[in-house]
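Below, read A as the first sequence line, B as the second, and so on, with proteins coming before strands; counting in each chain starts at 1.
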2 protein chains.
Amino acid sequence: MSLTGRARTPSGRPPSIRDVAGVAGVSHQTVSRVINGHPSVRPATRERVEAAIAELGFRRSAAAHALAVGRVRGVTVLTSNTTHHGYAAVLQGVEEAARGASFTVGVSVLESDEPAVVRDAVRRAADSGSGLVVIAYDRPGVRALEAVPEGTPMVAVVETPDGSPPAGSPWVWTDDRAAAHAVTRHLLDLGHATVRHLALPSTTATPDATARVAGWREALRRAGAPAPEPVVAGWTPADGYAAGQRLARDPELTAVLCGNDDLALGVLRALREAGRRVPEDVSVAGFDDAPHSAFLSPSLTTVRLDFAGVGRAAFALLHGLMEQGEPVAPHPVAEPVLIARESTGPAPRA
Amino acid sequence: MSLTGRARTPSGRPPSIRDVAGVAGVSHQTVSRVINGHPSVRPATRERVEAAIAELGFRRSAAAHALAVGRVRGVTVLTSNTTHHGYAAVLQGVEEAARGASFTVGVSVLESDEPAVVRDAVRRAADSGSGLVVIAYDRPGVRALEAVPEGTPMVAVVETPDGSPPAGSPWVWTDDRAAAHAVTRHLLDLGHATVRHLALPSTTATPDATARVAGWREALRRAGAPAPEPVVAGWTPADGYAAGQRLARDPELTAVLCGNDDLALGVLRALREAGRRVPEDVSVAGFDDAPHSAFLSPSLTTVRLDFAGVGRAAFALLHGLMEQGEPVAPHPVAEPVLIARESTGPAPRA
DNA sequence: CTGAAAGCGCTTACAG
DNA sequence: CTGAAAGCGCTTACAG
């Protein structure tokens, strides 16, 4: 028996349950019972079968299993992106949990929110017979959510849990609203008259529908501070840099909350180039606590979000859906936590 | 016919080629010919079949197809990590190319280089019947490479193309050696007496086996510069920070080449805290040109590596292997290019 | 507790 | 150019 590959029968193909049955002196049906942990198999029989399995290096054919049962022990993640911190960390969490459950994990990226593109991706994912985790942090994701055929086991990773979840399809989210509220509050407490917001692209027509924008606006309202229009920037450091250059021209600007840490990184650079010191002249806060944020100069005030936890929770829910056929109690996800660092400070005196 | 889900036959299950055959008035075998683009089908027949396919919303069962042909139109990426820039970008490239070829993409992470862990992951990936792309930038990846059963279509993404590739399993790489040589040369040309190197963890027992270390050392040797021991740091900003704190104590230090941009980011922070200015006192260079590197302060001198291109090339090779059964000419991957920015400058005068 | 039969939805020769 | 038969490797009732 080879240490690495699957053993081969004399005929050259990998051993099937029939080969195992032959060696163990039972029917292939009994072999099926053993590999599925069916209770009614005599211990002695079970042992003979297990010995034969080990001897032949038998491994169940995933394809045959899938064909027979009509479903696959796998999850595919539908997402518009695999490299931005939040997305990548959710994917990481899903993979980790799926691996623990011996589930296969697939990835399918949504290149745009065009109906044809989204429909195709969703179809292919659903056709594979696996369960779905769709990351609906953006337009393509939200569209994909809507395109998932009924009956497909799915869990959605969303920013805001409003609207109504498709029947039987649970949602997982971090409390971005509370998080945004907390950072904004932190800035206000430092004496800033108001806080500008550099927003991520919205999932909907109205930017206010996103939890981050809503939390920020609410904190402003409660404090009686003016609420300037949020500016939609993008996702990347380059986007933050571009938006930051515009913001830097505003002499009133003393505090800005960015939709994620990458935007904040770009803003930091733009402000420095414009000769505005952080945090002496302008305070900058991010969102997510990406791995590099603690090491920037100045280090970045942000709010830590447990994206990997979200991914693990999403898988746990999906697993419940697929194995028990019933929704399960959601896995707990860590609360967002404010991480105050060097990039925020007292408002400059007027 | 539903716009989203697969249509259902009256019996409640998705339509099979037999259902299509019934509607088109042909045998299911002819339907199979049509969906596989077999040439010998009368145009009129083909049209009838295609109409029936559209009418029923037929989609071939991936499981049945896989069972019949013994292989799956899919690729699974074996990797120790999915979030670090290089790994994430390779994955992104593979996914992009695979999607274009209607291949499924799976991800399996290697949690450690323990034989049992690696063997398990490789087995499961191979069992799925898909082709394999293994990212062998580190120990777990290299171990996985060795554990792939013969006969499994595979392509390896490696740092250095030495040793011997498993028969019929092509390699893809960027020329890290030349890249490291170029950055080191850049630093030497700026008048630095020598260049320290903060290395990524090695894939082997001897750090010199890695292309980046080799290129750096060669540039030093050619210039007749002393070659201080490389220090193995890790992968993350936190690792770079820790190593940077130690380096910062060395009064001789004027130039450091980091194994990647994340390490460099941490080093930048450590140097600043130690009161050593970049680039006036110490020049710092990275490797990879990660998305944030241009926006740091100072912006980071680095070398751009086309990881996504590597991923696309890896898939192209695998695709050739799986469809033509023969190795194919490698897809071109962009040459590394030196990006000189603010973090490197003339050596300070002694 | 165990086995013989039928079926999951395709493809691969083999006829014609 | 098209169809009837057998098979891919499992699971799901149904008997006993």
Side-chain angles (χ1 to χ4, degrees), chain A residues 6-9 11-50 52-53 56-74 126-129 323, chain B residues 6-9 11-50 52-53 56-74 126-129 323:
Chain A
R6 174 192 284 200
R8 303 273 158 176
T9 55
S11 67
R13 48 167 185 65
S16 72
I17 53 174
R18 291 195 147 83
D19 299 312
V20 173
V23 170
V26 298
S27 74
H28 71 271
Q29 160 60 331
T30 294
V31 175
S32 175
R33 288 202 185 85
V34 170
I35 63 187
N36 288 298
H38 193 95
S40 55
V41 176
R42 219 167 14 147
T45 309
R46 178 181 305 279
E47 276 171 29
R48 280 215 314 287
V49 171
E50 279 166 350
I53 287 176
L56 297 179
F58 166 81
R59 327 211 64 214
R60 167 165 75 190
S61 153
H65 179 259
L67 178 58
V69 305
R71 188 152 281 162
V72 115
R73 287 176 54 84
D127 280 357
S128 76
E323 309 277 83
Chain B
R6 173 191 287 200
R8 303 273 159 176
T9 55
S11 68
R13 49 170 183 65
S16 72
I17 52 175
R18 292 196 146 83
D19 298 312
V20 173
V23 170
V26 298
S27 75
H28 71 271
Q29 160 57 333
T30 294
V31 176
S32 175
R33 288 202 185 84
V34 170
I35 61 186
N36 288 297
H38 194 97
S40 53
V41 176
R42 219 165 17 144
T45 310
R46 179 182 304 281
E47 276 170 32
R48 282 216 314 287
V49 171
E50 279 165 351
I53 286 175
L56 297 179
F58 166 81
R59 327 211 63 214
R60 169 166 74 189
S61 153
H65 179 259
L67 178 57
V69 306
R71 187 153 282 162
V72 117
R73 286 176 55 84
D127 281 355
S128 77
E323 309 276 83

- Message: So if I take every side-chain heavy atom of B:Val26 and compare against C:dT2, D:dG3, D:dG9, which nucleotide ends up nearest?
- Response: D:dG3
- Check whether any side-chain heavy atom of A:Arg73 sits under 4.5 Å from a side-chain heavy atom of A:Glu323, and report yes or no. yes
- Residues of residues 28-36 of chain B with a heavy atom under 4.0 Å from any atom of DNA chain D, listed by number, are B:Gln29, B:Thr30, B:Arg33
- Note on the structure: Separation of D:dG7 atom C1' from A:Asp19 atom CG, nearest Å, is 14 Å
- Please give, in whole Å, the distance from D:dC1 C1' to B:Arg42 CZ? 7 Å
- Message: For a quick test of reading the model: is some side-chain N or O of A:Ser61 closer than 4.0 Å to OP1 or OP2 of D:dG9?
- Response: no
- Message: Just so I know, are the side chains of A:Arg46 and A:Arg42 near enough to count as touching, which here means a heavy-atom distance under 4.5 Å?
- Response: no
- Within less than 4.0 Å of OP1 or OP2 of C:dG3, is there a side-chain N or O belonging to A:Ser27? yes
- Query: With no hydrogens and no angle check, do the side chains of B:His38 and B:Ser40 hold a donor and an acceptor under 3.5 Å apart?
  - Reply: yes
- Query: Rounded to whole angstrom units, what separation is found between the CD1 atom of A:Ile17 and the P atom of C:dA4?
  - Reply: 13 Å
- Side chain proximity check, B:Asp19 to B:Phe58, heavy atoms < 4.5 angstrom: no
- Does some side-chain heavy atom of A:Thr30 sit less than 4.5 Å from a side-chain heavy atom of A:Arg33? yes
- Query: Once you round it to whole Å, what is the distance between C1' of C:dT2 and CZ of A:Arg48?
  - Reply: 11 Å
- Message: Suppose we define a pair by two distances each less than 3.5 Å, Watson-Crick or G-U wobble; what does D:dA4 pair with here?
- Response: none
- Item | First encountered from the 5' end of DNA chain D, between B:Gly25 and B:Ala68 | B:Gly25
- Query: Between C:dT11, C:dG9, D:dC10, which nucleotide gets closest to the side-chain atoms of A:Phe58?
  - Reply: D:dC10
- Query: B:Ala66 and A:Ala63: which non-hydrogen atoms are nearest, and at how many Å?
  - Reply: CB-CB, 3.8 Å
- Item | Atom of B:Ala24, atom of B:Val49 and distance for their closest heavy-atom approach | CB-CA, 3.9 Å
- Query: Reckon A:Arg60 has a side-chain N or O less than 4.0 Å from the OP1 or OP2 of D:dT11?
  - Reply: yes
- According to a strict under-4.0 Å criterion, is B:Thr45 in side-chain N/O contact with OP1 or OP2 of D:dT2? yes
